[in-house]
Peer 1: 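Got a structure here, written out as structure tokens. Questions coming.
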Amino acid sequence: MEFELPDGTILHLADAATGADAAAAIGPGLARAALAVRIDGELRDLSRPLPAGNDHRPRLEMLTERGGDDALALVRHDAAHVLAAAVLDTYPGVKIAIGPAIENGFYYDFEFPAGTVVNDDDFPLLEAAMARHIAADERFTREDVPVREALARFRAEDQPYKVELIEDLIANQGARTVSLYTNGPFTDLCRGPHAPSTRRIKAFKLQSVAGSYWRGDSSRTMLTRVYGTAFFSAGDLKAFEELLERARANDHRRLGPQLGLFGFSETAPGSAFWYPAGTEVYNALVELSREMGGERGYTEVKTPILYDRSLWETSGHWQKYREHMFTTESEDRAMAVKPMNCPGHCQLYAMRPHSYRDLPVRYAEPGPLHRNEPSGTLHGLLRVRHFTQDDNHVFCTEDQIQDEVARALRYAFDVYDVFGFETSLELSTRPENRIGSEALWDRSEAALRAALDSQSLAYRVNEGDGAFYGPKIDMHVTDALGRSWQLGTCQLDYNFPERFELTYTGADNAEHRPVMLHIALMGSYERFIGILLEHTGGGLPVWLAPVQAIVLTIADRHAVYGGLARDRLREAGLRAELDDRDESVGRKIRDAELRKIPYMLIVGDREAQRDEVSVRAHGEGDLGATPLREFVERLAQAARTRAAR
RNA sequence: GCCGACGUAGCUCAGCUGGUAGAGCACUUCACUCGUAAUGAAGGGGUCCGGGGUUCGAGUCCCCGCGUCGGCUCCA
């Protein structure tokens with residue numbers, strides 16, 4: 001047999017040679033380091049005979065610890081098997097479900113015997129059991145067995161989940177054999193591949209336990225999922241834990257109350273209370289939308305919060321989302337609080353006649369929305385029951401779609417640029433369940449593509465992921481810790497104009513149906529602030545900082561000049577405070593640093609005499625003295641231009 | 001909504017097997033008048049998430065509810 005190695009050389013091997021043989025043939029070091037072998041892109045166990053390429057010479061590549069995410073996924077999958085083995089040791093009678101590698105780790109789902117509750121107190125015991133399986137250097141051995149044999153085996157072991165999986169493999173894929181992997185006393189149904197032995201797991205840790213539905217189906221059994229992670233070195237594990245620690249320090253739920261921005265109360269689950277400082281941030285963002293949206297032709301409107309049920313029947317919400325709306329009644333009329341602005345905007349559009357000359361109509365509304373989200377899904381500012389979207393709705397003709405989408409995309413990039421986010425785009429196309437003709441979908445998808453292309457934007461296509469009423473473009477950003485968030489969306493909608501019977505009079509004097517675009521860039525202001533806090537760790541840029549500069553006096557006698565300096569800042573439209581407490585300068589600086597105030601202005605005899613301030617920037621330290629007037633101008637400029645810092 | 005964990009002062013937390021609640025920071029007052037990340041001293045502050053129950057006695061044990069956290073399902 002012949003294989004082509006990554007460097008282009010040809011490897012000659014005897015027939016029936018295994019991956020391990022290949023590694024040995026390349027070199028003894030590689031033979032020791034190899035985890036698995038990749039043939040034409042497919043990973044296989046080292047112990048399996050290599051497949052002969054019939055009509056071509058297969059490419060062969062050895063996977064080692066340095067193989068990046070693939071290597072990590074492999075060893076984490078190994079660790080999942082070791083976890084299952086450890087759980088079987090510790091809890092006889094446990095039923096095992098599935099245990100894959102996932103991003104950053106692995107998990108295994110179990111059904112514990114009735115009455116047995118497992119939580120993180122049990123981790124030391126389980127980790128010790130795992131460590132024994134690893135120290136024993138158990139080999140992962142693969143056998144391909146007929147499905148009947150596998151079924152008999154798992155039935156005998158009373159493992160109903162494995163039986164169900166095999167039955168599905170037979171039914172859906174016509175499987176006749178399945179592969180089983182054994183390490184030590186434990187055998188699992190598994191596609192593989194695995195490393196040669198458990199010893200290759202150099203560092204691991206169990207992380208958490210959580211409930212999860214069997215096969216992700218909420219009507220089926222709730223299993224217990226144990227999460228863990230594994231690495232090739234203790235150092236890598238430690239680095240990962242430090243990253244988690246950093247993410248914890250940036251947790252907006254911790255930062256928000258700490259910085260006095262917002263808080264939560266049991267009296268309003270899933271709804272933030274905004275303190276003055278948080279309200280400054282919030283308002284600054286709304287102001288950004290007003291200013292940038294206004295410049296681009298999106299005009300602000302205000303629509304009611306509470307509507308008669310008939311509006312929701314027209315929009316379809318009453319039938320589809322009633323459980324998730326807050327309802328009330330008035331004089332025997334059922335009413336619901338709006339979960340989105342679009343029906344109100346459709347109503348607003350419908351209340352007056354429109355000529356084609358008026359289009360496009362672009363409504364913007366920072367309208368407060370309420371959605372009755374299930375209690376278990378609430379999460380800080382990121383998933384709430386009360387929030388405000390930077391919502392824009394454009395009513396236009398079909399011919400205008402491309403221009404309007406392009407306009408929205410430019411708007412989005414302009415907004416994201418202000419925050420310095422990396423952005424990526426996704427186009428979602430027609431789903432299985434949809435309304436409208438094929439010709440309509442062809443036209444609308446083409447319009448979105450044309451809009452993306454007209455701006456020379458790169459994007460990924462998600463086939464079949466669009467809304468049932470139209471395709472959409474989703475906008476994602478990556479934060480400072482490398483996490484991706486979906487923020488913006490631009491959705492094409494033929495459904496609402498139809499339901500609300502919206503019309504405009506065309507040049508032909510006939511009535512036509514407009515098309516609607518739903519555009520949100522930051523998404524919800526609440527969620528956006530959450531993301532911004534996670535991204536910045538709370539050190540907001542000057543234009544967003546609730547307090548932009550704080551004047552710190554050295555002694556009592558500087559309070560008058562300090563007050564004057566603060567007033568100058570305020571007169572320039574800046575948010576400034578004076579700290580003239582009876583405390584040491586060191587103390588005042590420390591407090592201001594902890595509040596992450598961008599600039600600290602220290603004033604003593606020297607500054608008071610020369611009309612100066614000593615500037616200290618957050619996280620940077622002393623920048624020296626500057627004339628007060630000069631500093632005020634500079635800071636006002638930075639705030640006005642929304643400079644990054 | 002489902003599974004598990006958690007809920008003690010404004011915050012972070014201690015409180016062993018049931019015996020009448022404590023620390024640090026914050027806050028208040030006083031002294032100090034200070035030059036780039038914590039001056040010192042004194043003091044005030046608690047329906048131990050809520051409601052039932054067991055007990056001579058419950059922060060602690062049991063039950064129900066609420067909220068929060070980790071996930072799962074959901075997310076127009």
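Convention: sequence-line order gives letters A, B, ...; per-chain numbering from 1.
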Peer 1: Do nucleotides 29-40 of chain B as a string where each nucleotide becomes B, S or -: B if the base has a protein heavy atom under 4.0 Å, S if just the sugar-phosphate does, - if no protein is that close.
Peer 2: ---BBBBBBBB-
Peer 1: Determine whether the side chains of A:N250 and A:R248 contain a donor N or O and an acceptor N or O closer than 3.5 Å.
Peer 2: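 Distance-only check fails for A:N250 and A:R248.
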Peer 1: Considering heavy-atom distances to RNA chain B, does A:R254 or A:M340 have its closest nucleotide positioned more toward the 5' end?
Peer 2: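 Looking at RNA chain B, the more 5' nearest nucleotide goes with A:R254.
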Peer 1: So which nucleotide does B:rG4 pair with, by the Watson-Crick or G-U wobble rule with both distances under 3.5 Å?
Peer 2: B:rC69
Peer 1: Answer with yes or no whether the side chains of A:Y227 and A:N104 bring together a donor and an acceptor at under 3.5 Å.
Peer 2: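 No.
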Peer 1: A:Y91 OH to B:rG4 C1': how many Å, rounded?
Peer 2: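 One finds 13 Å between C1' of B:rG4 and OH of A:Y91, rounded.
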Peer 1: Measure the distance from CZ on A:F326 to C1' on B:rC75 and round it to the nearest whole Å.
Peer 2: 14 Å
Peer 1: What's the shortest heavy-atom distance between A:T267 and A:S265, and which atoms?
Peer 2: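 Here A:T267 and A:S265 meet closest at OG1-OG, 2.6 Å.
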Peer 1: Looking at A:F326, does the NZ or CZ of A:R371 lie under 6.0 angstrom from its six-membered ring centre and within 45 degrees of the ring axis?
Peer 2: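 Ring-cation test returns no.
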Peer 1: Determine which nucleotide pairs with B:rA9, using a 3.5 Å limit on both distances of a Watson-Crick or G-U wobble pair.
Peer 2: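 Base-paired to nothing in any strand shown.
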Peer 1: Can you tell me the base-pairing partner of B:rG18? Count Watson-Crick or G-U wobble geometry only, both distances below 3.5 Å, and say none if there is no partner.
Peer 2: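 With both distances under 3.5 Å required, B:rG18 matches none.
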Peer 1: Which nucleotide, in any strand shown, forms a Watson-Crick or G-U wobble pair with B:rG57, with both distances under 3.5 Å?
Peer 2: none
Peer 1: For a quick check of understanding: with a heavy-atom distance under 4.0 Å over all strands, which category does A:Y469 fall into, base, sugar-phosphate or nothing?
Peer 2: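 Counting heavy atoms under 4.0 Å across all strands, the contact made by A:Y469 is with sugar-phosphate only.
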Peer 1: When every nucleotide of nucleotides 60-70 of chain B is labelled 5' to 3' by its protein contacts under 4.0 Å (heavy atoms), B for base, S for sugar-phosphate only, - for none, what sequence of letters results?
Peer 2: ------SSSSB
Peer 1: For the side chain of A:R225 and the base of B:rC72, is some donor closer than 3.5 Å to an acceptor across the two?
Peer 2: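 Result: no qualifying N/O pair found.
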Peer 1: Does NZ or CZ of A:R225 come closer than 6.0 Å to the centre of the six-membered ring of A:Y107, within 45° of the ring's axis?
Peer 2: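 The answer is yes, since A:R225 meets both limits relative to A:Y107.
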Peer 1: Establish, yes or no, whether a centroid distance under 6.0 Å links the rings of A:F240 and A:F231.
Peer 2: yes
Peer 1: Let's test this: given Watson-Crick or G-U wobble pairing with both distances under 3.5 Å, identify the partner of B:rG45.
Peer 2: none
Peer 1: Return the value, rounded to whole Å, for the distance between atom CZ of A:R322 and atom C1' of B:rC75.
Peer 2: 20 Å
Peer 1: Can you tell me the base-pairing partner of B:rC32? Count Watson-Crick or G-U wobble geometry only, both distances below 3.5 Å, and say none if there is no partner.
Peer 2: none
Peer 1: Check the distance between B:rC75's P and A:D474's CG and give it to me in whole angstrom.
Peer 2: 14 Å
Peer 1: Which of parallel (below 30°), tilted (30 to 60°) and perpendicular (above 60°) describes A:H252 and A:H379?
Peer 2: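 The arrangement is tilted - the two ring planes meet at 30° to 60°.
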Peer 1: Mark yes or no for a side-chain to base donor-acceptor pair under 3.5 Å between A:R383 and B:rC74, with no hydrogen or angle criteria applied.
Peer 2: yes
Peer 1: For the residue pair A:F110 and A:F112, categorise the inter-ring angle as parallel (less than 30°), tilted (30 to 60°) or perpendicular (more than 60°).
Peer 2: tilted
Peer 1: Ring centroids only, cut at 6.0 angstrom: are A:F631 and A:Y599 within range, meaning strictly under it?
Peer 2: yes
Peer 1: Can you check the A:D217 CG to B:rC2 C1' distance for me, whole Å?
Peer 2: 12 Å
Peer 1: Using whole Å, report how far CZ of A:F468 lies from C1' of B:rC75.
Peer 2: 15 Å
Peer 1: In whole angstrom, give the distance that lies between atom CD of A:E103 and atom P of B:rG71.
Peer 2: 13 Å
Peer 1: Using the C1' atoms only, state how far B:rC48 lies from B:rG22, rounded to an integer number of Å.
Peer 2: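 That atom pair is separated by 12 Å.
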Peer 1: Using the side-chain contact (heavy atoms from CB on, under 4.5 Å) definition, which of the options A:V515, A:I473, A:V394 pairs with A:L492?
Peer 2: A:V515
Peer 1: Can you tell me how far P of B:rC75 sits from NZ of A:K472, to the nearest Å?
Peer 2: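 Interatomic distance, NZ of A:K472 to P of B:rC75: 11 Å.
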